[in-house]
Amino acid sequence: MLDGLAFLRLNRLQEGVEYLKLIIPLGAEELFQYFDETYVSGTICRINKQNTLSLRVRSFPAMFPPETWNVQRTTLENNQQTNNVCESWNNRFCHLVGGKHPSFWTLITKIKNELSAEHFFALQNIGESKIKRTKSKTVQKRLKTLYERLNTYQIEVDTFLKKNYLNLRKRL
């Protein structure tokens, strides 16, 4: 259910974190603490360790704050939630240059060719949107219904996370 936090509105994220703290299985506490410190709350560290009489602490923000990985708005607007486009480009470019370590001049030539191809491809596809698969549409529709029910307080965050977990797993 940890992945369900990505679908919560930012102002309800802490509520979701608090709920997950209550139900985290034994043995997963360190993973959850790491996730919380790295992606949600950040850390609190002691500074001035030489002086044992005074205690000074400093709060450090999360390395990857929720604004960077939250997909709630993206989902509601039917935008891409994955980086599949980047992955496919990287794979295609690797094949284009013929490996992972091409010579500098080969790389320059291949980049020029790729830019020309991308420009042509972009012109060809102006105004066309990718068609989503039926399964993706169904998952998206269920998720939007969950958002609506959460935002109108018909369900609580814990129910949202549980139902979202089931919704995402049906997709697999």
> What is the distance from atom CG of Leu161 to atom CD of Glu156, rounded to the nearest 0.5 Å?
Replying inline: 11.5 Å
> Given the rule in the side-chain contact (heavy atoms from CB on, under 4.5 Å) test, do Lys21 and Asp36 qualify, once you have shown the distances and angles that lead to the verdict?
Replying inline: CA-CA 10 Å; Lys21 280 181 185 176; Asp36 188 31; 4.0 Å; yes
> Applying the 4.5 Å side-chain criterion to the ILVMFWY set and letting contacts propagate, would Val40 and Tyr34 be lumped into a single cluster?
Replying inline: yes
> Ile23 versus Met1: any side-chain heavy-atom pair under 4.5 Å?
Replying inline: yes
> Any idea which heavy atoms bring Arg142 and Asn167 closest together, and the distance?
Replying inline: NH1-OD1, 2.8 Å
> How many angstroms lie between CD in Glu18 and CG in Leu22, if you round to the nearest 0.5 Å?
Replying inline: 7.5 Å
> Side-chain heavy atoms under 4.5 angstrom apart, residues restricted to Ile, Leu, Val, Met, Phe, Trp, Tyr: same cluster for Met63 and Phe60?
Replying inline: no
> CG/Leu5 to CD/Gln14 distance, rounded to the nearest 0.5 angstrom?
Replying inline: 9.5 Å
> Atom CG of Leu143 and atom CG of Leu168: how far apart are they, to the nearest 0.5 Å?
Replying inline: 7.0 Å
> So do the side chains of Val17 and Phe32 get within less than 4.5 Å of each other, counting heavy atoms only?
Replying inline: yes
> Given the rule that I, L, V, M, F, W and Y join up when any side-chain heavy atoms are under 4.5 Å apart, are Leu166 and Val157 in one cluster?
Replying inline: yes
> Going by atom types alone, do Glu29 and Gln33 pair a side-chain donor with an acceptor below 3.5 Å?
Replying inline: no
> Atom CH2 of Trp69 and atom CD of Glu67: how far apart are they, to the nearest 0.5 Å?
Replying inline: 9.0 Å
> Honestly curious: do Leu13 and Phe64 fall in one hydrophobic cluster under the side-chain, below-4.5 Å linking rule?
Replying inline: yes
> What closest approach, in Å, do Pro65 and Ala62 show between heavy atoms, and which atom pair accounts for it?
Replying inline: CD-O, 3.7 Å
> What closest approach, in Å, do Pro66 and Leu10 show between heavy atoms, and which atom pair accounts for it?
Replying inline: CB-CD2, 3.6 Å
> Which atoms form the tightest heavy-atom contact between Gln140 and Thr75, and what is the distance?
Replying inline: NE2-O, 2.7 Å
> What's the shortest heavy-atom distance between Phe160 and Phe7, and which atoms?
Replying inline: CZ-O, 3.8 Å
> Atom CG in Leu150, atom CG in Leu8: separation rounded to 0.5 Å?
Replying inline: 6.5 Å
> Looking only at heavy atoms, which two atoms of Val71 and Tyr147 are closest? And how far apart?
Replying inline: O-OH, 4.3 Å
>> Would you say NZ of Lys144 has more than 12 non-hydrogen atoms from neighbouring residues, nucleotides or ligands within 6.0 angstrom?
In response: yes
